[in-house]
Chemist: 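Could you have a look at this structure, given as structure tokens, before my questions?
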Number of protein chains: 2
Amino acid sequence: MKVSDVNEAYDELAFEPHEEELLSRVAWHYYHDGLTQSEIGERLNLSRIKVSRMLDRGRRMGLIHVHINSSYGGCFALEARLQEIYGLDEARVIPAQETGNINDRLAEAASQYLMGRLKDQEMLAVGWGATVMGTLQRLARTLSYRDISLVSLTGGVSAYIEGVASGRSSQNVHLIPAPLVVSQESIAEAIRAERHVVEVMSMARTANYALVGIGAVADEATLIASGYASRSQFEIFRRQGAVGDIIGIFYDQNGVPLDLPFHKMLVGLDFDALSAIPQVIAAAGGPRKVEAIRAAARGGRINVLITDEPTAEAILEKDQA
Amino acid sequence: MKVSDVNEAYDELAFEPHEEELLSRVAWHYYHDGLTQSEIGERLNLSRIKVSRMLDRGRRMGLIHVHINSSYGGCFALEARLQEIYGLDEARVIPAQETGNINDRLAEAASQYLMGRLKDQEMLAVGWGATVMGTLQRLARTLSYRDISLVSLTGGVSAYIEGVASGRSSQNVHLIPAPLVVSQESIAEAIRAERHVVEVMSMARTANYALVGIGAVADEATLIASGYASRSQFEIFRRQGAVGDIIGIFYDQNGVPLDLPFHKMLVGLDFDALSAIPQVIAAAGGPRKVEAIRAAARGGRINVLITDEPTAEAILEKDQA
DNA sequence: GCACATCGTGATCATATGATCGACGAAAAC
DNA sequence: GTTTTCGTCGATCATATGATCACGATGTGC
């Protein structure tokens with residue numbers, strides 16, 4: 001090959017057919033035949049370094065394309081965009097699937113995420129919600145094996161955490177011994193002043209990770225189903241601009257907490273304390289929660305989001321413009 | 001390919017959903033994000049060596065596929081001449097290579113070709129032979145991902161198609177439940193009259209693509225190795241002018257099918273039915289098959305030929321004068 | 001229960017790869 | 001004609017990679 005030929009052809013977008021053939025040949029030997037660059041070089045009378053550069057060019061120009069043959073493949077693009085747009089530390093998107101409970105699948109993904117993250121003897125703070133419960137159930141074995149401490153972010157957790165804690169030395173599980181919501185502000189204040197409660201809450205502030213759910217302001221919410229709130233209350237929240245809640249705290253479309261009487265009756269940490277935890281991980285998905293998740297992400301309430309493909313698409317669609 | 005290899009490959013085709021996700025993620029970071037294996041390791045809490053092994057596994061299982069996105073597979077001059085001389089719709093010629101199994105390399109090329117061609121929910125009819133088997137193994141993931149239906153052109157396919165079909169809803173795979181050849185004409189007739197067999201065969205006629213191998217009339221033929229025919233039979237075929245076979249049907253040097261008793265004992269489609277399929281794709285190569293491939297091309301038995309460089313040269317040499 | 005095979009794991013090390021640098025040659029600018 | 005600029009080339013070297021080995025866990029058959 002003449003050097004001048006190459007110079008004439010130098011144009012990032014197109015190259016000589018002759019070079020394209022050579023490149024295809026090099027790429028074929030490299031990727032399909034498993035030859036090393038040196039072997040290809042001596043076979044085609046090229047220096048090793050030149051083969052290396054041809055492969056590089058082929059990759060950059062898209063002549064060599066790596067396809068990942070999996071339903072997960074499409075989700076990574078969504079993850080990257082979620083991370084970029086909302087400044088998340090990490091996003092996990094699980095593939096769309098008609099069959100199967102979405103909360104179960106999210107819980108599975110969340111537990112897998114945590115299994116890969118939690119180190120020995122770290123502390124995990126947990127919020128409230130169906131997805132959180134499912135995640136903890138799946139994590140139970142890992143937690144005891146790695147000597148992870150659990151601490152609750154709010155009241156009302158003991159009901160479902162006991163199964164998880166069974167068989168473990170109880171000193172590693174610290175629960176707020178109270179419901180999530182009480183009927184009067186004065187009672188909530190009294191509980192929050194209890195020595196044990198104060199201790200647990202200050203311990204929660206030292207956790208490495210917080211695992212929370214995100215609730216929609218819809219009649220199907222777990223808060224209503226479990227009797228902590230009524231439909232009429234939700235109607236009021238909605239009129240005040242609430243789009244979702246995290247650990248019982250309702251926020252508007254920008255993720256800013258609202259000033260509601262309901263919040264005064266909660267037993268648990270507030271948003272400032274939650275934000276102080278290094279990694280706040282939220283697992284949530286489904287059509288009803290799109291707005292709630294989007295607002296939480298926009299407001300910087302969470303660092304890690306685990307959701308499903310259609311939800312991720314719906315969230316991003318609104319912020320594309 | 002040895003049977004043991006096939007079995008191993010089948011075992012590897014199945015894996016846990018969680019592993020698939022992790023693998024996809026690793027592959028994505030490696031190939032699309034350009035991270036090093038160490039970086040991926042620390043990000044996902046895996047040892048570097050484990051990442052390396054996962055990538056290796058992903059490549060072998062066909063989850064990771066390197067596509068060389070050239071309008072030509074590699075050797076255009078040969079491809080252009082093959083297309084012109086034999087009126088093929090398309091020819092793919094892969095570079096010469098002494099080492100490495102030629103059938104594996106052809107299977108790779110064929111699977112790549114089909115991946116670029118097959119659209120969602122189309123139907124692929126498959127013939128018989130080692131190269132076809134290898135191609136299907138590589139295609140397995142793509143097939144299920146794109147919801148491609150498979151249908152057999154002949155009997156005897158079930159032995160190797162099962163691994164490919166595993167994990168897929170069986171309604172998309174339609175096999176002729178019989179061997180390729182039976183011992184008596186009457187038995188073949190009876191099988192061909194079976195309702196289920198009739199159904200599958202009429203379905204095969206509606207396929208968009210047919211993928212077939214081309215066999216040589218040589219003692220090393222897969223037909224002999226697998227016990228469907230004997231050396232003495234081959235000797236007779238040869239004397240009657242046979243130069244090769246496609247889906248068990250032997251033809252002369254012009255690609256015209258011979259009138260052999262053997263054909264009456266086949267369970268499968270005939271040449272007329274095969275020709276009715278819009279795209280008949282043949283993948284074959286090697287010195288012994290030169291005559292067989294040339295005759296098939298001359299006779300218009302195939303529309304697309306995938307072969308290797310020395311074979312292509314040998315074929316063309318005979319028709320140059 | 002114990003020996004044994006099998007598999008997955010990480011450590012070590014040789015090799016493959018690609019980033020950097022200076023040299024060279026061709027075209028363009030002066 | 002000279003100089004400048006640009007791009008390619010190969011040498012060198014740090015790094016990335018994968019082959020090999022040895023270990024420990026797990027499961028299996030006797």
Side-chain angles (χ1 to χ4, degrees), chain A residues 1-16 18-23 25-64 66 68 112 115-116 118-120 141-142 144-147, chain B residues 4-5 7-23 25-64 66 68 97 99-100:
Chain A
M1 190 196 317
K2 272 286 196 278
V3 176
S4 58
D5 294 340
V6 176
N7 283 340
E8 280 166 26
Y10 190 74
D11 173 7
E12 280 294 319
L13 293 175
F15 42 13
E16 292 204 340
H18 171 225
E19 191 173 358
E20 181 172 338
E21 172 169 353
L22 189 58
L23 213 104
R25 199 178 282 264
V26 167
W28 184 277
H29 283 315
Y30 190 70
Y31 286 106
H32 295 311
D33 297 335
L35 301 183
T36 69
Q37 296 181 356
S38 315
E39 287 171 319
I40 297 167
E42 56 190 65
R43 191 164 305 222
L44 302 178
N45 280 321
L46 301 164
S47 72
R48 184 192 70 75
I49 197 71
K50 196 165 176 182
V51 172
S52 178
R53 283 183 182 131
M54 292 187 81
L55 286 169
D56 186 48
R57 200 150 71 236
R59 281 184 286 251
R60 276 202 323 253
M61 298 177 55
L63 198 116
I64 297 163
V66 180
I68 297 168
Q112 246 137 49
M115 272 185 222
L118 287 169
K119 301 261 192 293
D120 285 5
R141 271 183 28 216
T142 304
S144 59
Y145 184 64
R146 298 206 192 152
D147 194 23
Chain B
S4 58
D5 294 338
N7 285 338
E8 279 170 27
Y10 286 172
D11 291 344
E12 285 170 1
L13 277 174
F15 49 0
E16 317 242 332
H18 170 227
E19 191 177 2
E20 177 173 341
E21 185 201 330
L22 192 58
L23 233 144
R25 194 172 293 277
V26 166
W28 185 274
H29 284 316
Y30 191 71
Y31 288 108
H32 291 263
D33 298 338
L35 300 182
T36 69
Q37 296 181 354
S38 314
E39 286 171 319
I40 297 167
E42 57 192 63
R43 189 171 297 217
L44 303 179
N45 278 320
L46 302 165
S47 71
R48 185 194 68 75
I49 196 70
K50 198 167 174 179
V51 172
S52 177
R53 283 184 183 129
M54 293 187 81
L55 286 168
D56 185 48
R57 212 168 119 88
R59 280 183 285 251
R60 275 184 296 126
M61 295 187 355
L63 198 119
I64 298 163
V66 180
I68 297 167
Q97 168 81 15
T99 64

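In what follows, every heavy atom counts, from backbone to side chain, and hydrogens, waters and symmetry copies are set aside. So you know, we letter chains A, B, ... as the sequences are listed, proteins then strands, and number each from 1. None of these values were measured; they are calculated from a predicted model.
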Chemist: Under 3.5 Å, is there a donor-acceptor pair between the side chain of A:Glu39 and the main chain of A:Thr36?
Modeler: yes
Chemist: Hey, is the side chain of B:Ser47 poking within less than 4.0 Å of OP1 or OP2 on C:dG10, counting only N and O atoms?
Modeler: yes
Chemist: Taking atom C1' of D:dA19 as reference, at what distance in whole Å does atom CG of B:Asp56 sit?
Modeler: 11 Å
Chemist: Grab the two heavy atoms, one from B:Leu55 and one from B:Tyr31, that are nearest each other, plus how far apart they are.
Modeler: CD2-CE1, 4.2 Å
Chemist: How long is the line joining CE of B:Met54 and C1' of C:dG10, in whole Å?
Modeler: 16 Å
Chemist: Can you check nucleotides 15-17 of chain D for protein contacts, nitrogen or oxygen pairs under 3.5 Å, and list what you find?
Modeler:
residue: D:dT17; atom: OP1; partner: B:Tyr30; partner atom: OH; Å: 2.8
residue: D:dT17; atom: OP2; partner: B:Gln37; partner atom: N; Å: 2.7

Chemist: Only counting residues at least two apart or in another chain, list the ones meeting salt bridge (charged side-chain N to carboxylate O under 4.0 Å, His left out) with A:Arg48.
Modeler: none
Chemist: Just wondering, do B:Tyr30 and B:Ile40 contact through their side chains at under 4.5 Å, heavy atoms?
Modeler: yes
Chemist: For a quick test of reading the model, state the closest non-hydrogen atom pair linking B:Glu20 to B:Leu63 and the distance between them.
Modeler: CG-CD1, 4.0 Å
Chemist: Side chains of B:Trp28 and A:Ile68: closer than 4.5 Å at any heavy-atom pair?
Modeler: yes
Chemist: Side-chain N or O of A:Lys50 versus OP1/OP2 of D:dT8: is the shortest distance under 4.0 Å?
Modeler: no
Chemist: Please report the closest heavy-atom contact between A:Val66 and B:His32, naming both atoms and the distance.
Modeler: O-NE2, 3.3 Å
Chemist: Kindly give the atom pairs (protein nitrogen or oxygen, nucleotide nitrogen or oxygen) under 3.5 Å for nucleotides 20-24 of chain D.
Modeler:
residue: D:dT20; atom: O4; partner: B:Arg53; partner atom: NH2; Å: 3.4

Chemist: How close do B:Leu23 and B:Met54 get, heavy atom to heavy atom, and via which atoms?
Modeler: CD2-O, 3.4 Å
